[in-house]
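First up is the structure itself, then whatever we jot down about it.
What you see is a predicted model, and the numbers here were worked out from it, not measured in a lab. Both ligands and their constituent atoms are indexed starting at 1 by order of listing. Scope of the values below: all heavy atoms of this structure, side chains included, with no hydrogens, waters or symmetry mates.
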Amino acid sequence: MAEQSVANLTIEGDVAVLTLNSPPVNALSAQVRQGILEGVQNAVANPAVKAVVLICDGRTFIAGADITEFGKPPRAPGLKEAQDAIENASKPVIAAIHGTALGGGLEVALCCHYRVAVPSAKCGLPEVNLGLLPGAGGTQRLPRIVGAAKALEMMTSGQHVGARQCLEMGLVDEIVPEGELRAGAIALARRIVAENRPLKKVRDLSDKMLAARGDASLFADFRKANARKFRGFMAPEYNIRCIEAAVNLPFDEGMKVERELFTELMQGTQSAAQRYVFFAERQVWKIPDIGDDVEQIPVRKVGMIGAGTMGGGIAMNFANVGIPVILVETRQDALDRGLAVVRRNYETTAKRGRLSMEDVEKRMALLSGSLELEALADCDLVIEAVFENMDIKKQVFARLDAICKPGAILASNTSALNVNEIATAVKRPEAVVGMHFFSPANVMRLLEVVRGDKTSKPVVATAMQIGKKIGKIAALSGVCPGFIGNRILRARSLQAQAMLNEGAMPWDIDKVLYDFGMPMGPFAMSDLAGLDIGWARETSTSSTIREVLCEMDRRGQKTSAGYYDYDEQRNARPSPVTEKLIREFAAKAGNAPRTISQQEILERCTYPMINEGARILEEKIALRASDVDIVWINGYGWPVYRGGPMFYADTVGLAQVVAKLKEYAPRLGPEFVLSPLLERLAAEGKRLQDVK
Ligand code: 3H9
């Protein structure tokens with residue numbers, strides 16, 4: 001028997017109960033595998049035992065393979081041995097599921113002869129989110145029990161499916177009341193024995209798959225319908241291939257396909273990136289000098305200054321979790337418009353079936369408006385989203401200082417301004433923090449929390465935790481122009497603009513970045529956002545391409561013309577006007593246009609970003625490389641299968657990045673400074689992700 005604490009076998013009359021206990025999530029470490037193997041063997045060998053229940057202590061059923069073991073030498077026993085012991089047992093084995101049965105956990109449950117769950121339990125095969133496919137028979141067993149169509153949905157989305165739905169699909173056999181799992185599972189075990197029910201092996205089922213056998217259209221249609229969502233990712237396609245194998249091949253042949261494709265994914269860069277991101281998403285919440293003992297400030301009411309696109313979007317996040325928000329505007333029509341936009345957003349969600357009309361009303365009832373800052377006096381957290389101008393921000397903060405109750409958090413949604421300077425406007429700088437949301441704020445997952453020199457620990461801790469509560473992923477940044485995200489964006493923008501002057505066209509650059517996996521390139525992004533952000537006709541000097549485009553009223557998608565021309569459906573096509581303008585600018589500067597290779601475009605865009613990320617690390621603006629990656633994945637659409645710019649740099653090799661940056665240096669512009677940290681790590685053969 002393995003260690004008592006990991007797997008514990010007790011005999012209750014004629015039923016053996018094998019309880020796993022390996023916190024935090026009962027992942028299938030070598031010890032747990034050993035515990036299952038020996039536990040089942042011992043139970044089966046015991047003549048008094050007629051059936052076996054497999055159950056877990058703690059917050060969840062087995063949540064999957066132990067991801068920390070991936071990439072390390074395998075340790076015996078393998079999961080298959082443990083699964084075989086279950087599936088081939090001569091006595092019925094019943095999985096008793098609470099929490100989440102995920103990945104390898106569900107694959108173990110699928111080897112059991114019966115499954116019972118509590119109503120709050122969920123099942124899923126989320127391997128796709130780690131750039132993988134279920135590698136312990138899940139790809140072959142799931143379609144056999146739920147059918148190919150449902151398996152396609154579940155395995156390519158990684159979704160966790162609730163117990164009731166699992167019951168309907170046949171994935172679980174019975175649901176027992178919350179808190180009665182153990183007793184319910186034992187009772188089911190006894191019934192199975194009494195009724196002499198068969199030892200049901202999922203591998204032998206076929207009836208739900210017969211319809212799909214030989215019908216390639218199910219798969220072709222599914223691929224087509226999801227092409228956009230799956231773009232660039234290997235794992236969804238590999239999952240689909242495994243389900244095709246399940247449908248068309250005998251079980252053991254299908255298992256061979258699964259093994260082969262699993263191994264390929266596991267050894268590839270995409271899965272390494274996605275596993276890295278899994279841990280990065282959990283690491284990002286941890287702030288070394290702020291422990292759990294730091295007190296949080298209860299946030300029961302939020303004030304929002306500005307009811308425009310940003311303010312309204314931010315307010316929705318709080319209303320979504322039941323926190324009331326007062327929105328303050330300077331004019332009644334702006335306030336009315338802002339609230340109407342919020343209502344429209346909610347109603348659109350309701351029309352798509354993702355929210356009930358009752359919930360729309362509930363959320364709207366949490367939002368109120370005012371034209372007076374004084375209305376914010378009793379708010380626990382006030383966020384301003386006014387015009388990006390330091391003087392205006394300081395005026396607002398000075399007024400908030402006079403109005404807000406002691407202990408209130410005063411947050412700025414600035415995307416670039418100095419939070420320390422903003423804090424000089426108040427007598428309580430410890431209360432001032434940056435909370436930088438990304439547009440559209442009700443959709444985008446990222447929140448940059450900006451810690452000023454004087455921001456107190458409780459304020460930082462609360463800003464992070466409230467971010468978690470409203471479903472964001474919060475990354476901590478120090479103060480610098482543009483913080484983590486926009487500072488790196490600027491490094492890319494400078495190169496993209498420079499390359500226009502050297503002979504590349506906006507669509508050449510955008511295509512390279514799109515093919516790399518970004519949702520769009522920098523010029524398409526500018527057109528979407530509006531070229532006139534921060535531009536005014538009165539002060540325009542015709543000195544940049546962007547200024548001249550604005551002067552020509554080519555202000556982006558909203559005017560059907562920007563860098564690109566747009567048709568009525570907003571489809572972009574390269575613009576001869578823009579092309580001519582770019583050529584004229586280059587000629588004026590005395591630049592002879594040259595052909596810039598796709599490779600150079602990619603390197604010129606991404607390597608300066610990496611360099612800027614390294615500078616952000618050495619200046620201690622970011623706590624760790626993986627936080628930089630979290631920002632770029634969640635705020636700017638960096639493809640998760642490339643792990644973020646820092647992880648990507650490690651996969652390219654820092655020596656290569658540095659060598660190229662040195663080669664390109666004459667073209668990189670006066671602002672470019674090679675990061676000493678990057679240079680040192682490259683020389684030492686180290687990685688950015690190892691910087692502590
Ligand atoms: C797989 O199964 C492959 C097989 O098909 C093939 C095998 C041959 N391993 O998320 P939380 C840690 S692939 C190791 O904050 P929650 C996590 O890092 C796997 N560690 O809790 C964190 O550590 P820390 C398929 C893991 O309550 C702590 O547990 N399964 C694993 O918000 C708490 O996690 C999955 O992909 C793991 N598998 O959510 C499921 N899982 O405290 C992955 C978690 O040091 N897990 N940890 O930061 C989850 O989705 C969530 O953790 C879960 C709980 C929903 C279970």
Side-chain angles (χ1 to χ4, degrees), residues 6 20-33 36 56 58-84 97-111 120-142 151 154-162 235 238-239 242-243 255 258-267 270-272 274-288 291-292 464-465 468-469 471 473-474 624 626-627 630 640:
V6 170
L20 304 179
N21 182 8
S22 179
V25 295
N26 289 310
L28 290 160
S29 62
Q31 257 191 332
V32 172
R33 298 193 298 267
I36 297 175
C56 291
R59 62 166 121 153
T60 179
F61 191 77
I62 306 164
D66 184 346
I67 308 169
T68 58
E69 277 188 358
F70 291 176
K72 296 182 186 153
R75 284 175 60 196
L79 183 53
K80 184 162 185 317
E81 257 183 271
Q83 287 176 296
D84 285 348
I97 303 171
H98 78 294
T100 41
L102 299 177
L106 182 57
E107 292 174 294
V108 166
L110 282 169
C111 287
S120 59
K122 290 189 169 139
C123 296
L125 292 176
E127 284 85 345
V128 71
N129 296 326
L130 299 170
L132 291 172
L133 52 87
T139 67
Q140 303 306 296
R141 289 193 180 87
L142 188 72
M154 277 180 77
M155 282 165 50
T156 59
S157 70
Q159 64 184 238
H160 303 177
V161 178
Y238 278 39
N239 273 276
C242 285
I243 301 170
M255 287 296 282
E258 177 187 284
R259 178 93 330 239
E260 200 180 300
L261 296 184
F262 178 81
T263 307
E264 192 186 330
L265 287 179
M266 181 62 104
Q267 289 169 352
Q270 289 206 352
S271 176
Q274 290 180 253
R275 282 181 270 136
Y276 161 87
V277 172
F278 175 86
F279 289 112
E281 284 183 347
R282 283 153 180 84
Q283 188 79 6
V284 74
W285 303 99
K286 295 173 187 159
I287 303 171
D292 292 341
M464 295 291 291
Q465 282 313 309
K468 189 177 245 179
K469 183 159 186 189
I473 184 153
R624 32 186 115 76
S626 61
D627 287 9
I630 287 293
V640 64

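Distance check, rounded to the nearest 0.5 Å: CE of Met266 to CZ of Arg259 gives 8.5 Å. Between atom CG of residue Asp627 and atom CD of residue Glu281 there is a gap of 11.5 Å, rounded to the nearest 0.5 Å.
Checked against Leu133 for a side-chain contact (heavy atoms from CB on, under 4.5 Å), the options Val128, Thr156, Asn239 give a single hit: Asn239.
Looking at Gln283 against ligand 1, nothing comes within 4.0 Å, counting heavy atoms. The proximity of Gln83 to ligand 1, defined as any non-hydrogen pair under 4.0 Å, does not occur for either the backbone or the side chain.
Residue Ala27 comes nearest to Asp66 through the heavy atom pair CB-CA, 3.9 Å, listed as atom of the first residue, atom of the second, then distance. Of all non-hydrogen atoms in Ser22 and Val6, the two that sit nearest each other are CB-CG1, 4.5 Å. Nearest approach of Asn26 to Thr60, heavy atoms of both residues: ND2-O, 2.8 Å. Of all heavy-atom pairs between Glu258 and Gly135, the closest is OE2-C, 3.1 Å. When all heavy atoms of Leu79 and Gly104 are compared, the pair lying nearest together is CD2-CA, 4.5 Å. Between Gln83 and Ala136, the closest heavy-atom pair is NE2-O, 3.0 Å.
Annotation: cation-pi geometry satisfied between Arg282 and Phe278 (NZ/CZ under 6.0 angstrom from ring centroid, within 45° of ring axis).
With respect to atom 26 (C) of ligand 1, the closest heavy atom belonging to the protein is Val25 CG2, 4.0 Å. Given atom 9 (N) of ligand 1, the protein heavy atom at minimum distance is Ile67 N, 2.9 Å. Nearest protein heavy-atom neighbour of atom 50 (O) of ligand 1: Leu102 CD1, 3.9 Å. Protein heavy atom nearest atom 6 (C) of ligand 1, with residue, atom name and distance: Gly135 N, 3.5 Å. Among protein heavy atoms, the minimum distance from atom 32 (O) of ligand 1 is reached at Arg59 NH1, 4.5 Å. Atom 28 (C) of ligand 1 has as its closest protein heavy atom Pro24 CG, 3.6 Å. The single protein non-hydrogen atom nearest to atom 46 (N) of ligand 1 is Phe278 CZ, 3.7 Å, given as residue, atom name and distance. The single protein non-hydrogen atom nearest to atom 5 (O) of ligand 1 is Glu127 OE2, 2.5 Å, given as residue, atom name and distance.
Atom 18 (O) of ligand 1 is approached by the protein to below 4.0 angstrom, counting heavy atoms only. There is no protein heavy atom closer than 4.0 angstrom to atom 53 (C) of ligand 1. Shown here, atom 38 (N) of ligand 1 is in close reach of the protein: a heavy atom of it lies under 4.0 Å off.
Residue-ligand proximity, Pro126 to ligand 1, at heavy-atom distances under 4.0 Å covers atoms 30 (N), 35 (C), 36 (O). Numbered from 1 in the order shown, with element, the atoms of ligand 1 that lie under 4.0 Å from a heavy atom of Lys286 read 24 (P), 45 (O), 48 (O). Every atom of ligand 1 with a heavy atom of Thr100 under 4.0 Å away is listed here by number and element: 56 (C). When each atom of ligand 1 is checked for a heavy atom of Pro134 under 4.0 Å away, the hits are 5 (O). Below 4.0 Å from some heavy atom of Leu130 lie the following atoms of ligand 1, by number and element: 13 (S), 19 (C), 36 (O).
Close to ligand 1: Asp66, with a non-hydrogen atom less than 4.0 angstrom away. Residue Glu69 places every heavy atom at 4.0 Å or more from ligand 1. Using a 4.0 Å heavy-atom cutoff, Gly138 is absent from the residues neighbouring ligand 1.
Taking any N or O of Arg282, backbone or side chain, at least one lies under 3.5 Å from an N or O belonging to ligand 1. Below 3.5 Å of separation, one finds no N or O of Phe279 facing any N or O of ligand 1. For Ala65, a nitrogen or oxygen atom sits less than 3.5 Å from a nitrogen or oxygen atom of ligand 1, counting backbone and side chain alike. Not one N or O of His160 is nearer than 3.5 Å to an N or O of ligand 1, by distance alone. Polar contact with ligand 1: present for Gly104 (N/O pair, distance under 3.5 Å).
Side-chain polar atoms of Gln283 and Ser626 form no donor-acceptor pair below 3.5 angstrom.
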**Request:** For Leu125 and Thr139, run side chain to side chain contact (heavy atoms under 4.5 Å, CB included): C-alpha distance rounded to whole Å, both residues' side-chain angles, the deciding distance at 0.1 Å, then the answer.
**Result:** CA-CA 9 Å; Leu125 292 176; Thr139 67; over 6 Å; no

**Request:** Could you please spell out the steps behind the side chain to side chain contact (heavy atoms under 4.5 Å, CB included) verdict for Ser120 and His98?
**Result:** CA-CA 7 Å; Ser120 59; His98 78 294; 5.9 Å; no

**Request:** Carefully, step by step, assess Trp285 and Ile473 under the rule side chain to side chain contact (heavy atoms under 4.5 Å, CB included).
**Result:** CA-CA 8 Å; Trp285 303 99; Ile473 184 153; 4.3 Å; yes

**Message:** Does Tyr238 form a side chain to side chain contact (heavy atoms under 4.5 Å, CB included) with Glu264? I'd like the steps, not just the answer.
**Reply:** CA-CA 10 Å; Tyr238 278 39; Glu264 192 186 330; 2.6 Å; yes

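By heavy-atom distance, the residue among Pro74, Ala136, Ala63, Gly103 lying nearest atom 30 (N) of ligand 1 is Ala63.
In terms of modelled atom types and a separation under 3.5 Å, the side chain of Glu107 and the main chain of Leu142 share no donor-acceptor contact.
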